[in-house]
Structure formats: C-alpha cells, structure tokens
Amino acid sequence: MNQILPKMPASFIGQFKSYLNCGQLNQARNLFDKIPNPNIYSSTLLISAYTKQNRPLDSIQLYQNLRKEKKLQPDNLLLLSITKACALLSDPIKAKEIHKDVIGFGFKSDLPLGNALIEMYGKCGLISEAQQLFDELPVKDVITWTSLILSYKNCKQFREGLGVFREMLISGPKLNSVTLLSVLAISSKLKSLKFGREIHCFVIRNGFEDNMFIGSGLVDIYSKCLITHDARIVFDGMRSKDVVSWNVILSAYSLNGDLDEALRLFDKMKVDGVLLNSASWNSMISGCVQNGRIERALQFFAQMQDSGTKPNHITIASILPACTGMESIRGGREIHGYVYRNAFIKDIIIDTGLVLMYAKCGDLNTSRLVFDQMPRKDIIAWNTMIVANSMHGCGKETLTLFDKMIESGIRPDAVTFSGVLSGCSHSQLVDKARQSFSSMEREYGLNPDADHYASMVDVLSRAGYLNEAYEFIQNMPVEPTPSAWGALLNGCKVYKNTELGKIAGEVLLDIEPQNPGNYLSLLNIFVGAKMYDDASRIRMLMNDRGIRKEPGCSWVQIKNKVYTFVKGDDRFAMRNEVYGFLKETRRKMRVEGYMPDTDIVLQDVDGEEKEEVLCSHSEKLAVAFAILNLDRGEVIRVFKNLRICGDCHGVISFMAKSIGVCITVRDSVRFHHFKDGSCSCKNLW
DNA sequence: CTAGGGTTAG
C-alpha cells in the first residue's frame, strides 16, 4: 500500500545504511535530511535506529515531522518502533496520540503491535488503557499476557498482576521464562517468600534453572525477603552470571546489614573481570549510605566518576542522603549544581531529596524554592516539605501546606499527620493540633498510631498543659511509648513541674533504661528543685547501670572545612580568642541584667565554677568560633548532637542580637533560628 | 524480562 516514492539514489542508500550499521545516527540523519522525499523504508530504518539507541525523543520527533508534512504513510514496522519509543519515554499523552494513529491507520488486529501498545501503556502508567486494549484483542499470545502482567507491575498494582497470572494459568497460553520472571519480580516487590519458594520449585520442576534472568530474579526475591543465605546458594549455583546477577547479590548483603561482604564481593567482581555498570556503583553507594558509612559512600561516588561510569539519576538520589546525613550543605549544593549542569531529566525523587537536604542543612528557603519548582508533587514530596517546616518551627506553614496538599487532590497519610502534629507542637498551636488529630480518623479514615498519640502529648506538654498531657497518656488506647513519656518529662523540665516530672521520669527509667537523656532530664528537675537526695539517687542509678552521658559535640562548616568542638575542649585553633570572646559576652550580658542559667549544671560546684563549665559547652565554642571567622552577613549554621542547653540558648540569642547576625543551631530535636534577640523555638527548647 | 533511589520523636 505504500508506493515507493521518488527513488533515492543508490549511493545515498548505501552510505545511509552503513552509517546506521556503525551506529552513527547523526551522520545518517544529515544524509536523510537531504532527501526530498524519503520513502517509508529509510524512515523506518532511521526511526527504529533511534529507538534502539535509546533516543526515543528523536524517534518520535522525526515521526511527527514526517506526519505533519504528510510525507509518510506508516506501516506496521514503523508504528511498532514508534510505540516502543513512546514506551521508553513514558509519556502518557504521546501514548494516547500514537494509539489513535495506529487505529487511524487500521492496524488494530496486528498482534505484535497490540502487544507493544499494551507494554507502552503499562510503561506510561496507564493501566486501565492497557487492560482495555488487552480485552479488545481478538487473539492473544503468551507475550500479550506477559505484557499485561508487566504493565501491572510497572503501575505498582502487584496483587492485580498476580491475578492476571492466575487467570493465565487457567485460560491462557503456556507460560515462558519471561512470564515467570515477571511474576517473580512482582513477588519480590511484595516481599512474598511464599510465592518466591513456589516459583523456585516450579523453576526446578520445569527446567528453567539455567535461565540466567530467572536465576537473578530468584536471588533478588530471597534478598528482598532477607533470606541472604538462600540468595547466596542460588547465586553460587548459577551456571552463568551477568553484571545484574552480581548487582543483586551486592544489594542482598547491603540490605542485610553485611556491608563488609558486599565490599568483598564488589572487589571480587573486579578481579573476575565483570564489567561494572552504573547500577553496580549505585548499589555500593546506597549500601554504604544505608549502613551509615557516609564517607565511604562519597569515596565510591568519586571512584565511580574516575572509572568513567557516568552517574545517573539514581546515583544522585543515592548520594544526596549522604550530604543530608552529614549536614553538608556544600556537598549538597555541589550535587544540586551537578544535576543542573548535566540537565538530568526532572526527577521527583531527586527533587524530594534536595528539598530534604536543604532543610536538614538549615536552609529552609532554598528547600522551599526547590519544592515550589517541582512540576509534580506526590505524597512523599508534600510530606517532606511539611516535615521540613516542622523541623524549623514553622507550624503555621505546615498547616497551610496541609491545606494546599488537600486542595491538589492528594490524600494525607500517617506521615503527613506526624509532620503536622510536630509542627503544631513546636509552634504551640494546641487547638490546631487537636483539630488535626481528631480529623485524622473522622475525615481521612486513618487510625492514629502510637507516634501520633505521643505527638499529642508533646503538643500539650510544650504548651504547658501538663496535667492534661498526663491524663491523655493515661487514657490513650495504645500503649504509651517512651517518646510519649519523654515529651511529658521534657514539658515538666521546661515548666518546672517536679511532681509530674518525677512520675514521668520514673516510668522512663523503667521502660527505656538505656537512654542517658532520661536520667539527665530527671536529674535537672531534681537539681532545679533543690532535691539533692533524689538527684544523687539518680546519679547512683546511672553509675550502677553503667549509663554514660554522651559527650556534647558541635560542629560548624566554615569555608570548606568542618570544625568540631567537644564540651570542655581546650585544644582547638584560636582557643584564647574564643574563650576571651565568650567571657566578654558574659560580662556584657551581666551589665544588661542577664543571669547565667546555672540550674542546668550537674556538678555540685559553686557559682563561679559553674559559669566556667557553662562557658565550655560545645555549642557556645562553635558559635563563638564561627563569629570570629565568618564574613559579615553570612548565616552561621551550627549543629549539635544533643539538645541545646538553656544557658547556651540565652547566650547565643544575646550574641545574635548584639552582633547583628543570624545564627542557626540544629540540635537533636529541631532547628533554632536566632535573630534580633529571639529564637524561632520561642524559648521552649 | 532481572539490579541500583525519596518522607515520621522527645
């Protein structure tokens, strides 16, 4: 039906084909563009070459240009290429256009094309369209069924995918290895060991054992179910392995927390001459990050680039949490710049990672900027932004974000409410918190869990409603967690309620005896109330149980270097200047009538010594050091491993005002933004 | 066709 249009010169065709054979598509394209009337044959060749080389955009653009100029009367082969290109692109709008084209050209009953269209819809996330196409196909083969199963997998409807498989066993064609693998992959996503074992038996009984893909799939499902031992047995028994098989076993050990074995296997890969791909590096990077070996992850990231493997969007998403965990805003900014420069496709997971990274590094403004520019926001993106605002004490904004999220049609989940409630608690929005808490069940059908109840205790305690908080704990339908009692205890410390503090503290020493913070809070309450007998009882208990206070430690990044200060630190750069500066600050404060908050000091020492101990707190040292070293106008960002102490809070607040700088301190609970003599936490640290 | 990625405490 497609008459050959004005013939191309034979020399052109020869040259054109040889370019295509060598994969030199740009040269082939130059030649192609010179032909006034390209025929269907050469167009199909070029378009399918684009698709095969993973250049779907070029493929589709060329197709659409030719369609517009009406130079093209497509045939099955061409439409197949375009359909596959669109599957690669995962563009649902283009998918529908192409489907319409196919129908328009009357190729409805072509089976390979029908199968490709199902796959395309699946890859584009349009599962009901895929199912409808499946239903309409008059003839179905094993690929049709498998494509539908894979579509369900792609759309994360795993149970439904298994349903299709069951139907296929009853009324469909005989399955092949691809079908088996697709079901295996789904079971793996569901972490279903039961299905995994069943499929494993089926594989052995029906002679699929030597299929490398199936082997890797089996290793993966045992890995995901944390049966690392069985994963290794299958892996070792595989007759042939490719890089994916190795990548799967690497992640098996990382997942199981055995990073050292993963590292050993990674070295063995290199010895055995397995050609590493980006997923191999990504697997090691994320394995290190998830096992807390952040420095090692960054090393792998550097080695990967040295080895000539280009980081992809998954690499970026894996390395970002490393910067977040180190609070390295410089590292994070570098990654952000890398994403920008290399024009990565817009990726929702990378964007979410950036939002969290900026927030956790103390820069909520940039975090928000990235969020606002996201083209699509899913539940995790919204939750991340809500949690970010809550960490920074912007409770009102968490509520506004919550409303906007609802407006945009996204249903909140348990994490959303955790974020909103902790936002309310940091900003003392008691009524808002109550409304939000009760709407969880009433409006959104979510059962509050123990964490939500603990959050409500925190809301009440932080606002000073201590008796109500205690009542709430006693009446809640779930077992109060240590965090619920911890919230109450902290409230008692802030509001100096010795009686309730004693109750909460004693419970905590019982149910969470290994946490030094509990002892210290209770100790502070007793010392503050001059109940020295009780205080020494707690101290003895700590001794008996071998509970040691974690040393306070703060750090600050200046230029490219991180400076760390430990409490009582005496051997750091500019020691004399720093202590001199702190002493001078203290003198100025006294002139203006501030008294040092010596309640917090635990040692039984007299007044002057107490002040000295206070002066040596790591957060004061870090802030003072930063003030002496930073350029004017720069924001000071200090991080501390424990909670900021009350005296430090007052002194840092004073320094921010008297020097006229913004100081941010991130402690173990939240961010404190000091400006003009006040703090974003409203003095409820 | 199989691998590698993001949110929740006090």
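Just so you know, these numbers use all the heavy atoms, side chains as well, and skip hydrogens, waters and symmetry mates. Protein chains get the first letters and strands the later ones, always in sequence-line order, with residue 1 at the start of each. Predicted, not measured: the structure shown is a model, and the values here were computed from it.
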Exercise. Does the pair A:Glu119/A:Lys123 count as a salt bridge with the N-to-O cut at 4.0 Å?
Worked result: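 Yes, charged N to carboxylate O under 4.0 Å.
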
Base, sugar-phosphate alone, or nothing: which one does [X] contact when heavy atoms must sit under 4.0 Å apart?
X: A:Ser286; answer: sugar-phosphate
X: A:Asn211; answer: nothing
X: A:Thr352; answer: base
X: A:Leu356; answer: sugar-phosphate
X: A:Lys377; answer: nothing
X: A:Ala381; answer: base
X: A:Asn515; answer: base

Problem set entry | Range on DNA chain B touched by chain A - first to last nucleotide, heavy-atom distance under 4.0 Å | B:dC1 to B:dG10

Exercise. By a strict heavy-atom criterion of less than 4.0 Å, which residues belonging to residues 446-459 of chain A are in contact with DNA chain B?
Worked result: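 Output list: A:Asp458.
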
Problem set entry | Heavy-atom side-chain contact between A:Leu255 and A:Ser223 under 4.5 Å | yes

Problem set entry | Heavy-atom side-chain proximity of A:Tyr470 to A:Asn497 below 4.5 angstrom | no

Please list, chain by chain and in numerical order, all residues satisfying side chain to side chain contact (heavy atoms under 4.5 Å, CB included) with [X], sequence neighbours excluded.
X: A:Thr228; value: A:Ala252, A:Tyr253, A:Asn256
X: A:Ile380; value: A:Thr352, A:Asp378, A:Thr384
X: A:Leu180; value: A:Leu175, A:Ile199, A:Phe202, A:Val203, A:Phe208, A:Ile214
X: A:Ser668; value: A:Arg643

For this session: Give a yes-or-no answer on whether the side chains of A:Ser188 and A:Asp220 include a donor-acceptor pair shorter than 3.5 Å.
Result: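 On atom types as modelled, these side chains qualify, holding a pair under 3.5 Å.
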
